[in-house]
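Scroll down for the structure; my scribbles are underneath it.
In the text below, chain A, chain B and the rest are named by the order of the sequence lines, each starting its count at 1.
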Amino acid sequence: MAEIHLKMDAFEGPLDLLLHLIQKLELDIYDIPVAEVTEQYMAYIHAMKELQLDIASDYLVMAATLLAIKSKMLLPKQELAIDEEDEGYFETGDDPREALVEQLLEYRKYKYAADELKEREETRSQYYTKAPADLHEWQQNVPLNPLQLTTSDIFLAFSQMLHRKKLNQPLQTKIALQEVTIEEKMADILAIIRKKNGEKIDFQTFFEVATKSEMVTTFLAVLELMKAKSIWIEQKEVFGELWVYEGAMHVVE
Amino acid sequence: MNELATIETLLFVAGDDGLSLKQISSVLEITTQHAYQLLMTLQKEYELAQDRGLMIMEVGDTYQLATKKEYAEIIKKFAVSPLTTSLSQASLETLAIIAYKQPITRMEIDEIRGVQTTGALQKILMRGLIEEKGRVDGPGRAILYGTTKYFMDYFGLKDMAELPSIAEIELPEEEMTSDLFYDRFQQLEEVEAVDEQEEPSDDINLFNIEE
Amino acid sequence: MNELATIETLLFVAGDDGLSLKQISSVLEITTQHAYQLLMTLQKEYELAQDRGLMIMEVGDTYQLATKKEYAEIIKKFAVSPLTTSLSQASLETLAIIAYKQPITRMEIDEIRGVQTTGALQKILMRGLIEEKGRVDGPGRAILYGTTKYFMDYFGLKDMAELPSIAEIELPEEEMTSDLFYDRFQQLEEVEAVDEQEEPSDDINLFNIEE
């Protein structure tokens, strides 16, 4: 099932899906009932799963975020220093939803702008233009204007070209670097662990990878999985073996 | 030789490269003000003449000849519009973000959209709607993207200030989005229904409803 | 909608391909006789109107829009105007490579620039800055390019050695790439180091390593 590669093309990503849910449920974007939205969001993800769609990792990351916010909101509030001017539940900085709401509002702006562009695209396509005429014939031996170019322009062009080439090179290594994203790595690691049916795995096994960048990615993926409480790691003694287990994090030492 | 006719021929020759006031003034050896006046006179003539199908369109700081809108239908019967392959939602969103936030890196775009943008970015780069505008100083030296002149032509913009203000939509605009979401949802449900009927289990490639 | 204007737009869109009477009659759903009459009316209108620079030209059994003969001189002027013919970055780079590495083939230029060069080469040939300097011996017999006497005169050079030296900025290929990997490595470590400082322990938002 994991092999099926298909995006949830109906939505442009988790933010789009969330906006849709907020709209559908007629919720206040500034005061999102996280429990409700999370439930709906997960229901949607499950529905996609039933359809055997490979759910893009971005959607899973958002699911984790929603769950994290939800659990934070369930925690008993410590002595809240409620600002008198602040009418909200919490001090603004304390609302675990704040970052998400901001992200949604920001994304919604560009979604609106994209709609505007779409309209303009349609309007513009009503006007037909023509390609420039071929003036080649006329352009034999066009002299340069005095001072249009100097030898420094020639030198500069050469050095700029070298510079550009140098900059373009990392682009290639960069693509290689992006071959494995943290999200993909997280999925890989989880898949390996799940196959073990609860048995522990040597931490090292994940690091038998080709490149340093992939190693870094793997390490970050492990950290993310711990953060998401999908795995936990045990080390019995200092410098001892690290063992990876599936499930919520226990004491890591 | 007539000045208006001259401008017409130059517009015709320049095609969708467009013609700037500076070019007109240098070729005709007149001031840019005069060039502008002539251009406006010609524009008005086109507009008023019933038996003319052409018009003058302003894109960026250049002018180009185009067919009048009311002839779009009939031309469509004959020619394929160069702009027929309309952009996907992902491409439009990416373009919108770049248009407002340029210069901007791919990572910043991803952050706003909440998804990876690589494919869409490549597409609009290939179509010449955006271009590299240098690199970020500092580690990584990520590529900065910005819109091109063709972007303005593609969306029929005289200048970038013509883009709608997005500051205003900080406030919820329910009606605006609701239709769209509803449409989207409808589409989805339709597709899902189709999927259930036609695709028993593994091949599920029906989801590209937008392309 | 006006029949003459329609024909004008169709001619405009058809461009150099031209438009046949049959095409006009089928798009407008009229007889070919009627199409012919309309075309002749339009032709006459163009001819008589002083402030029109366009005309209808018959080529084989098709008709196409063209500029009137009396405007040929001004178009020529436009064609060679510095605003129309300014040298692009690609042209400048190509010229620079030829200046420093002559005699050189187009393939070699492409290799150095890392992109195809065809159009740019044409442009600087047309400006008289470079010329063919014979052919490579052996299969393919590729053309070798070099700078012209006009190039020397224009830049006031007695000798090509008078060009600013590129010895210092030019590194051998391997050195350049290894340098590059080193840069990447450094970047990566820098990012890690920064992150380690700024993020004490639990927040693990290290996702930005790529930028």
Most heavy-atom pairs under 4.5 Å with chain B, out of D51(C), L4(C), T9(C), belong to D51(C)
Those residues of residues 22-35 of chain B that come under 4.5 Å of chain C on a heavy-atom basis, listed by number, are K22(B), Q23(B), S26(B), V27(B), E29(B)
Contact list (residues 74-84 of chain C to chain B, heavy-atom gap under 4.5 Å, by number) returns I74(C), I75(C), K77(C), F78(C), S81(C), L83(C), T84(C)
With chain C, the option among A5(B), A49(B), S20(B), G15(B) that has the most non-hydrogen atom pairs under 4.5 Å is A5(B)
Can you establish whether the number of heavy atoms outside D159(B) located under 6.0 Å from its atom CG is more than 12?
-> yes
So, the part of E3(B) with a heavy atom under 4.5 Å from chain C: the answer is neither
I'd like to know whether CE of M107(C) has more than 12 heavy-atom contacts from other residues, nucleotides or ligands below 6.0 angstrom.
no
Listed by number, the residues in residues 64-72 of chain C that come under 4.5 Å of chain B (heavy atom to heavy atom) are L65(C), A66(C), T67(C), E70(C), Y71(C)
OH (Y46(B)) with more than 12 external heavy atoms under 6.0 Å: yes
The salt bridge (Lys or Arg N to Asp or Glu O under 4.0 Å) partners of D110(C) (sequence neighbours excluded) come to R106(C)
If we ignore hydrogens and angles and just use 3.5 Å, is the side chain of E8(C) paired with the main-chain N or O of G53(B) as donor and acceptor? yes
